Engineer: 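Dropping the structure in here first, questions after.
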Amino acid sequence: MTGPLLRRAGRLVTRCLLSSGLVLAVSVLEAPLGRAQEPSPGSLTGQTLQRIEQIMGEAAGLQRGINLARGTAAKLNGGLSAYRPAVCMFQGVSNNPCLVDRSEAGFTFRFLGGSPGWEQLQLPATVETELVISPDGRSVVQILYNGFPRPEPAPTPEAAAPDAGNPAF
């Protein structure tokens, strides 16, 4: 797994060039002179490189998952001429509010949708979609819900604010 990262590794060299009275700093990535020694998988470097590649793979799967979930919802609801998913389905993967769960089963997305322009015109959503996408982002595992928007769930007792008048709190 660490091979591709090591093959890309080189030595960053900064050189100064004098041109027309100006000093320019140029950074050049030089290939290593010899073959880099592969770190053992158990070493800290090996583990770090493996974790970096794992994170990069998860991010790619999650981005593919967002795209697949958005496209699936559009197909389920009449195509882009009749339906638009919420703006969160066009955002990146970082802190996306449409991603409600990630597990070994995959990514669960829940989002609203409506006719084209519904959010910009501040119209209510007409559809809610919830589906699970595989961890690699390449297939729909399950469509959990696609219908009228459901009411927001009531807060659980643990999440409710403490009652100042109740001595039990």
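Not measured: the values here are computed from a predicted model. Throughout, residue positions are numbered sequentially from 1 according to the sequence presented.
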Engineer: Are Ile143 and Phe109 co-members of a hydrophobic cluster defined by side-chain heavy atoms under 4.5 Å apart?
Structural biologist: yes
Engineer: Each residue besides Leu123 in its hydrophobic cluster should be listed here, by chain and number; the cluster joins Ile, Leu, Val, Met, Phe, Trp and Tyr at side-chain heavy-atom distances under 4.5 Å.
Structural biologist: Leu112, Trp118, Leu121
Engineer: Which heavy atom of Ala125 sits nearest to which heavy atom of Pro149, and what is that distance?
Structural biologist: O-CG, 3.5 Å
Engineer: Is it the case that the side chain of Ser103 and the backbone of Ala105 share a donor-acceptor pair, with hydrogens and angles ignored and the cut-off at 3.5 Å?
Structural biologist: yes
Engineer: Are side-chain heavy atoms of Ile133 and Val141 found at a separation under 4.5 Å?
Structural biologist: no
Engineer: Give me the atom names and distance for the closest heavy-atom approach of Thr129 to Leu131.
Structural biologist: CG2-CD2, 3.8 Å
Engineer: Can you list, pair by pair, the side-chain donor-acceptor contacts under 3.5 Å of residues 78-88, counting residues two or more places apart and other chains?
Structural biologist:
| from | atom 1 | to | atom 2 | distance (Å) |
| --- | --- | --- | --- | --- |
| Arg84 | NH1 | Leu80 | O | 2.0 |

Engineer: What are the two closest heavy atoms between Leu62 and Arg102, and how far apart are they?
Structural biologist: CD2-NH2, 3.7 Å
Engineer: When you measure from the centre of the six-membered ring of Tyr145, is the NZ or CZ of Arg150 under 6.0 Å away and within 45° of the axis?
Structural biologist: yes
Engineer: Is Phe107 linked to Val132 within one hydrophobic cluster, defined over Ile, Leu, Val, Met, Phe, Trp and Tyr using a side-chain heavy-atom separation of less than 4.5 Å?
Structural biologist: no
Engineer: Do Val140 and Phe111 sit in the same hydrophobic cluster, where Ile, Leu, Val, Met, Phe, Trp and Tyr count as joined when their side-chain heavy atoms come under 4.5 Å apart?
Structural biologist: yes
Engineer: Tell me, with the steps shown, if Arg70 and Asn67 meet side-chain hydrogen bond (donor to acceptor under 3.5 Å, both in side chains).
Structural biologist: CA-CA 5 Å; Arg70 182 179 65 233; Asn67 295 340; 3.1 Å; yes
Engineer: What closest approach, in Å, do Cys98 and Met89 show between heavy atoms, and which atom pair accounts for it?
Structural biologist: CB-SD, 3.6 Å
Engineer: Specify the closest pair of heavy atoms between Ser134 and Asp136, including all atoms of both residues, with the distance to one decimal.
Structural biologist: OG-OD1, 2.5 Å
Engineer: Are side-chain heavy atoms of Thr108 and Leu99 found at a separation under 4.5 Å?
Structural biologist: no
Engineer: Quick check for you: to the nearest 0.5 Å, what is the distance between Arg138 atom CZ and Leu68 atom CG?
Structural biologist: 10.5 Å
